[in-house]
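Have a look at the structure below before the remarks.
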Amino acid sequence: MADLSAAELLTQNYPKEAKVAIAARWQGQLYDLAAQLSATATPEPVLPGDREALDILRHSTAHIMAQAVQELFPGAKIAIGPAIEDGFYYDFEYERPFTPEDLPAIEEKMQEIIKAGITFNRKELEREEAQACFAAEPYKQELISELEGPISLYSQGRFVDLCRGPHLPDTSRVGAFKLLSVAGAYWRGDENKASLSRIYGTAFFDRKELKEHLRLLEEAKRRDHRKLGRDLELFLFHEDVGAGRVVWLPRGMLLRYLIEEFERKEHMRRGYYMVQGPQILKRELWEKSGHYEHYRQNMYFTEVDEQAYGIKPMNCLSHMLVYKSKVRSYRDLPMRMFELGTVHRHERSGVLHGLTRVRSFTQDDAHILCTPEQVADEILGVMNFVTDVMDVFGFDYTLELSTRPEKSIGTDHDWELATEALLNALRKSGRAYEINEGDGAFYGPKIDVKIKDALKREWQCATIQCDFTLPERFDLHYTAADGTLKRPVMLHRVILGSIERFIGVLTEHYAGAFPLWLAPEQVRILTVTNRADAWAEEIKSALVAAELRAEVDLRNEKLGAKVRDAQMLKIPYMIILGDKEVDEKLVTPRLRNGENLPAMGLNQFISRLTEEARLRK
RNA sequence: GCCAACUUAGCUCAGUCGGUAGAGCAGCUGAUUCGUAAUCAGCAGGUCGUCGGUUCGAUUCCGACAGUUGGCUCCA
């Protein structure tokens with residue numbers, strides 16, 4: 001049994017860099033230790049915001065919150081309370097769920113605890129002693145029963161928690177924190193287990209960092225595509241349509257059309273055939289493919305004339321039939337088939353979220369059938385495709401390899417081959433990647449591409465899946481050079497993923513201010529008085545003739561009001577027309593950032609915009 | 001699907017401790033022709049998400065359903 005002081009803590013158990021950072025944070029009282037460490041270790045990594053130090057701070061804040069909750073709500077049982085990406089949470093079981101109204105009181109109690117500067121003490125106990133210690137805490141009991149050896153506990157005052165540590169020296173070290181929200185959660189993330197009440201919060205070493213974090217949260221709210229979708233008149237959801245299904249408004253549909261046209265052209269350039277299948281296919285076909293067995297709970301079904309049909313949740317089946325429509329030779333491979341295919345998946349109601357998680361969506365889907373030897377090159381080709389497209393939209397991305405899940409079809413041998421093929425392509429790409437064990441599709445492993453938006457949030461868009469199974473089930477083959485019949489390999493892949501999700505992410509990425517080539521309305525012509533109406537109409541005609549998207553605002557409104565309306569729609573260019581411009585036949589463009597360009601001739605303006613749209617920046 | 005909260009005019013929101021509601025913006029009409037983020041005035045707009053229950057009476061209380069939001073789980 002040992003009390004571990006802050007000083008000892010710094011010499012134990014976690015990375016040197018973190019210790020140095022923590023020592024620096026606490027240098028007021030731990031100056032000598034920090035100096036000592038700096039003498040033996042490298043002093044460089046003393047950085048504000050060091051990840052480990054921040055995690056320790058947040059985890060300690062979670063303990064403080066748990067103490068506050070137990071003091072305010074006697075009988076509340078504690079479950080777990082880790083630090084997470086942006087803060088921390090703690091799960092509780094209580095006679096009622098906590099509500100946002102509870103948070104101020106908890107915060108106040110936490111402030112008291114922080115002010116009191118209570119020391120965090122570490123103790124190590126044998127399992128039986130620890131069990132006795134948590135007689136009133138069933139969740140802790142369960143955790144202890146699974147632990148080996150001496151069990152470490154941390155206490156601050158009368159509050160004791162099972163914990164690996166480390167922690168701050170004392171509670172006063174919490175510089176700034178805020179409780180953010182309450183939510184439901186399950187014990188151990190299992191929906192069959194107890195339902196707990198979770199409180200989320202965040203903490204930082206100083207107030208400035210907290211303020212900046214809260215500002216980022218506000219910024220995310222301002223950029224929320226659900227709000228922008230309404231404000232910019234892009235799309236709507238309607239309860240009479242049903243949850244998770246989008247109705248596209250004119251401006252949003254135009255944006256979508258522009259992205260889809262871009263995609264069609266890019267696929268044509270890269271040797272894809274455009275194909276298309278129907279929305280519903282006989283149930284037997286889904287049984288043959290394995291979808292009925294493995295994906296049925298997510299599918300919609302219908303029956304007409306005693307024939308059962310499945311509404312497609314994926315596009316692959318028609319593509320298989322395209323392949324089978326004639327005898328294929330090795331000379332035909334690789335065969336790449338592309339479809340902007342709308343699929344319908346019965347996602348559980350609770351997961352729906354704006355455009356990023358819907359029940360009907362369109363994939364920029366393609367299936368590549370190739371020889372086993374071609375697989376690696378095809379995967380690399382797709383990865384290059386992804387890079388090119390993401391560059392156009394200004395997204396950075398990360399790669400993940402997902403391996404065989406528990407529920408899957410196909411032989412071990414095929415899974416190994418497919419996984420190896422993807423791994424090879426990843427290695428060849430030279431990019432860093434992570435591995436998600438057991439996260440693959442039921443028919444094959446996959447490479448997932450996650451893009452980061454402007455607020456550094458990650459979204460899965462592109463995915464490349466390697467499939468040996470469907471060609472088998474559909475008995476696909478090609479005639480090899482030696483005249484024998486061979487089985488092709490199939491790659492499933494999307495680049496943007498779901499057009500809906502991509503537009504949602506793109507909207508937040510640009511905060512609704514789409515680059516010129518994607519802006520539904522590129523130019524709005526504003527008149528100061530109705531003496532400029534004729535010139536305005538003439539300009540609009542010329543712009544439209546040059547395939548630019550322009551509108552006029554001839555309303556009997558003050559210029560300020562017209563500017564404001566155009567500004568709120570984030571239209572890239574405004575043209576302001578008063579008597580001066582009419583007399584000299586000029587246009588004076590105003591950018592949406594408020595900057596005014598010098599007056600120029602109409603043709604010059606058209607060239608400028610045409611070039612800007614062509615560059616897609 | 002589960003836990004929790006929410007749903008009042010096209011939008012953003014007040015309000016009714018049970019006696020059928022109000023503002024701003026948007027819309028329409030009129031006046032105003034005014035140079036870079038909101039001109040003024042008037043008018044119109046709601047069976048208070050839907051369906052049941054309790055009640056003399058429900059937008060308000062209760063229940064179911066639908067939808068939305070934050071999480072959990074799942075996923076493009």
Side-chain angles (χ1 to χ4, degrees), chain A residues 89 91 93 96-101 180-200 224 226-227 230-231 233 236-244 295 297-298 313-315 341 343 345-359 361-365 402 405 439 441 446 448-450 459-463 465 492-502 504-505 526-533 554-569 574-581 588-592 594-596:
Chain A
Y89 68 79
D91 286 344
E93 183 197 297
R96 63 168 177 87
F98 295 115
T99 68
E101 287 73 48
L180 296 172
S181 60
V182 295
Y186 304 106
W187 172 235
R188 314 207 119 173
D190 182 340
E191 64 186 5
N192 300 312
K193 295 198 163 127
S195 186
L196 305 171
S197 185
R198 174 172 299 180
I199 301 177
Y200 281 94
D224 191 320
R226 294 168 299 182
K227 174 175 160 47
R230 238 196 332 270
D231 294 349
E233 299 173 19
L236 61 81
F237 290 92
H238 198 288
E239 73 174 301
D240 291 349
V241 172
Y295 205 72
Q297 67 285 354
N298 276 313
M314 296 180 191
N315 301 301
V343 296
R345 300 182 182 175
H346 185 85
E347 303 292 351
R348 299 161 103 194
S349 59
V351 307
L352 303 175
H353 179 93
L355 288 180
T356 53
R357 198 69 191 276
V358 291
R359 283 177 170 160
F361 59 101
T362 301
Q363 295 180 303
D364 57 336
D365 204 0
S402 296
D439 221 21
K446 58 180 183 170
D448 285 328
V449 178
K450 300 210 164 153
W459 302 87
Q460 180 169 340
C461 289
T463 159
Q465 306 174 351
H492 307 245
R493 49 106 287 187
V494 289
I495 304 290
L496 304 182
S498 139
I499 303 294
E500 285 77 1
R501 170 179 291 181
F502 190 77
V505 177
L526 315 182
T527 51
V528 178
T529 72
N530 57 14
R531 291 187 296 279
D533 287 4
L554 306 182
R555 290 176 306 161
N556 182 4
E557 288 287 350
K558 289 191 156 179
L559 182 60
K562 296 186 183 186
V563 168
R564 180 172 189 271
D565 290 346
Q567 196 74 44
M568 299 227 293
L569 286 169
M574 289 172 229
I575 292 178
I576 317 275
L577 301 180
D579 290 340
K580 201 177 86 190
E581 287 76 16
T588 49
R590 178 195 202 272
L591 306 180
R592 62 187 153 194
E595 187 187 337
N596 278 301

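These numbers come from a predicted model, not from an experiment. Here is the naming used below: chain letters follow the sequence lines, and residue numbers restart at 1 for every chain.
- For the pair Ile199(A) CD1 and rA5(B) C1', the computed distance is 15 Å after rounding to whole Å.
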Discussion item. Generate the contact string for nucleotides 70-76 of chain B. Rules: B means base contact, S means sugar-phosphate contact only, - means no protein heavy atom under 4.0 Å.
Written reply: BBBBBBB
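- With rounding to whole Å, Leu526(A) atom CG is found 14 Å from rC34(B) atom C1'.
- In terms of the ring pair (Phe, Tyr, Trp, His ring centres under 6.0 Å) criterion, residue partners of His346(A) (sequence neighbours excluded) are, by chain and number, Tyr300(A).
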List every contact pair, protein side and nucleotides 9-14 of chain B side both N or O, where the distance is under 3.5 Å.
residue : atom : partner   : partner atom : Å
rU12(B) : OP1  : Arg230(A) : NE           : 3.4
rU12(B) : OP1  : Arg230(A) : NH2          : 3.1

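- Under the rule for a side chain to side chain donor-acceptor pair (under 3.5 Å), the partners of Tyr200(A) that lie at least two apart in sequence or sit in another chain are Arg198(A).
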Could I get a table of every N or O pair under 3.5 Å where one atom is in the protein and the other is in nucleotides 27-29 of chain B?
none

Show each protein N/O and nucleotides 43-45 of chain B N/O combination with a separation under 3.5 Å, one pair to a line.
none

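- Listed by chain and number, the residues in a side chain to side chain donor-acceptor pair (under 3.5 Å) with Arg592(A) amount to none (sequence neighbours excluded).
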Set out, line by line, the N/O atom pairs under 3.5 Å between protein and nucleotides 46-50 of chain B.
none

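- With sequence neighbours excluded, no residue forms a side chain to side chain donor-acceptor pair (under 3.5 Å) with Asn298(A).
- Taking the ring pair (Phe, Tyr, Trp, His ring centres under 6.0 Å) definition, one finds that Trp459(A) meets it with nothing, sequence neighbours left out.
- Residues passing the side chain to side chain donor-acceptor pair (under 3.5 Å) test with Lys227(A), sequence neighbours excluded: Asp231(A).
- Between Leu554(A) atom CG and rG35(B) atom P there is a gap of 16 Å when expressed in whole angstrom units.
- Between the C1' atom of rU69(B) and the CZ atom of Phe237(A) lies a distance of 13 Å, rounded to the nearest Å.
- Between the side chains of Lys562(A) and Thr527(A), at least one donor-acceptor pair of N or O atoms lies under 3.5 Å.
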Discussion item. Dot-bracket, 5' to 3', for RNA chain B please: Watson-Crick or G-U pairs under 3.5 Å, [ ] where pairs cross earlier ones, | where the partner sits on another strand, dots elsewhere.
Written reply: (((((((..((((.....[..)))).(((((.......))))).....(((((..]....))))))))))))....
